[in-house]
Amino acid sequence: MTDVLASVPAPGLASGPDVPRPAPSGPSRLLGRRPDVPLPHVSADQLVALTEAAGLTGRGGAGFPTARKLRSVAGRSPVVVGNAMEGEPLSSKDAVLLAQAPHLVVDGLSLLGAALGASRVLLATGPEVAAGPAREAARGTRVEVRALGGGFVAGQESALVRQLDGGPAVPTDPLVPVFRRGVGGRPTLVLNAETLAQLALLARHGADWFREQGTPADPGTFLVTLSGSSADLLTHPGVLEVARGTSLRTVLEAGGTRTDRVRAVLVGGYHGAWVPATDLDVPLDREHLAPFGATPGAGVVHALDRAACPLAAAAEVARYLAGQSARQCGPCVNGLPRMADLLEQLARPGADPGLVPEVQRVRRLVTGRGACAHPDGSARFVASTLTTFAPHVEDHLRGGCHEAARRLDPL
Ligand code: SF4
């Protein structure tokens, strides 16, 4: 298995000026040169069979099997939407993909548009993703590129549909999924930009080729955005293309991370979970990340410096998440700000021991109660923080924690 296929700088992530970027160990699939094989014409049934045989799953976060999503709209002339909203602050992979290989995303949309007999084909870009290259690539195709407003939940399927229909970027009733009623009231298929690019290559090269990378249970490659909590923790933050199952350590080392200085790594983004420094050899796939409560998600890998207080860093993330809700459901209006308050108090040395059970109580209270998964994802992050950094919590309760509490700034 080849591990690292591409390593490129990402906008907003500083890179060491004099240190050469490590050479990839194989040709890039997604960020390399244009494919010379023409895009084939395939039917909806063929696409479903192909994605099923390849085991392609969504690369936007939830990791839903693509074949099941295709089946849900096949034969219904759906609206097809490419999702490049990239609301996760620690992710730059959609921005890099659309800057370097917009033709693959447009190919994926064109393929679906033809196979499904789509009534419309749209590509939605968030404020951090330049729409220009996609517009250029979409010239002469049916793909309409729409640059939309952002926010953490703006890429959630129903929020995206609502914004495309001229409304606010706010999730709607989860009982009416977008595959039943989406853009303009029509059945709608939403796929992440990277999933579309993967689909464009899969249609050209086939399922066996797709499975040459990755693991049998989690095949293919994916884009990872690697960053760190301090400027000198790694020399080459940016976006990497790696095979599923590549070890976390390999990814960190490919970016020049000083792994001896890493306290833990946030995998999957602000709705993800921490992997402690003792487990850096964990393979980045669904099976091996599950015991940590993490998934590959949208490919975020963020290393936390030992010099940073993990509770202060987590409190900043919790405060950010509390500020990103659509403020229309109880768990978000009351629960998330309360969780952030409690974590901030816990981050102070000499914290009240009663704070820990109270955070756990609020965390359980918000789970499963929102119109979208924002409270659940936020609660998952907080649960992982309390588990991973339990000894550090004890230090705080005893009045300890002498690390400089550095910021985990949204990047
Ligand atoms: S759960 Fe929160 S983010 Fe989701 S729709 Fe309700 S208020 Fe908005």
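Indexing begins at 1, ligand by ligand and atom by atom, following the structure's order. Being a predicted model, the structure only gives us computed values, none of them experimental. For reference, positions follow the sequence shown, starting with 1.
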* Please walk me through it: do Gln213 and Thr221 pass side-chain hydrogen bond (donor to acceptor under 3.5 Å, both in side chains)? -> CA-CA 6 Å; Gln213 298 285 346; Thr221 66; over 6 Å; no
* To do: Check whether any N, O or S atom of Cys332 sits under 2.8 Å from atom 4 (Fe) of ligand 1.
  =>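 No, outside the cut-off.
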For [atom], grab the closest protein heavy atom and report residue, atom and distance to one decimal in Å.
atom                    : result
atom 4 (Fe) of ligand 1 : Cys372 SG, 2.3 Å
atom 8 (Fe) of ligand 1 : Ala326 CB, 2.9 Å
atom 5 (S) of ligand 1  : Gln328 NE2, 3.1 Å

* Asked: Taking all non-hydrogen atoms of both residues, which atom of Asp285 and which atom of Gly245 are closest, and how far apart?
  ->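 Looking at all heavy atoms of both residues, the closest pair is OD2-CA, 3.6 Å.
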* To do: State plainly whether the residues Arg319 and Glu344 are in salt-bridge range, i.e. N to O under 4.0 Å.
  =>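 So Arg319 pairs with Glu344 through a salt bridge.
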* Are the charged groups of Asp232 and Arg258 less than 4.0 angstrom apart, N to O? ->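 Salt bridge between Asp232 and Arg258, a charged N being under 4.0 Å from a carboxylate O: no.
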* Asked: Taking 2.8 Å as the cut-off, does an N/O/S atom of Cys329 lie below it from atom 6 (Fe) of ligand 1?
  ->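 Short answer: yes, at least one N, O or S atom is under the cut-off.
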* Asked: Has Arg181 got more than 12 heavy atoms of other residues, nucleotides or ligands less than 6.0 Å from its CZ?
  ->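 Not more than 12 within 6.0 Å, no.
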* Pro375: heavy atom below 4.0 Å from ligand 1, yes or no? ->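 Within the 4.0 Å threshold, so yes.
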* Step-by-step side-chain contact (heavy atoms from CB on, under 4.5 Å) determination, Arg348 to Leu311 -> CA-CA 9 Å; Arg348 292 184 200 123; Leu311 299 182; over 6 Å; no
* Asked: Which atoms of ligand 1 have any heavy atom of Gly370 under 4.0 Å away?
  ->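 With Gly370 as reference, the close atoms of ligand 1 come out as 1 (S).
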* Against heavy atoms of Pro171, which atoms of ligand 1 measure under 4.0 Å? ->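 Selected atoms, number and element: 5 (S).
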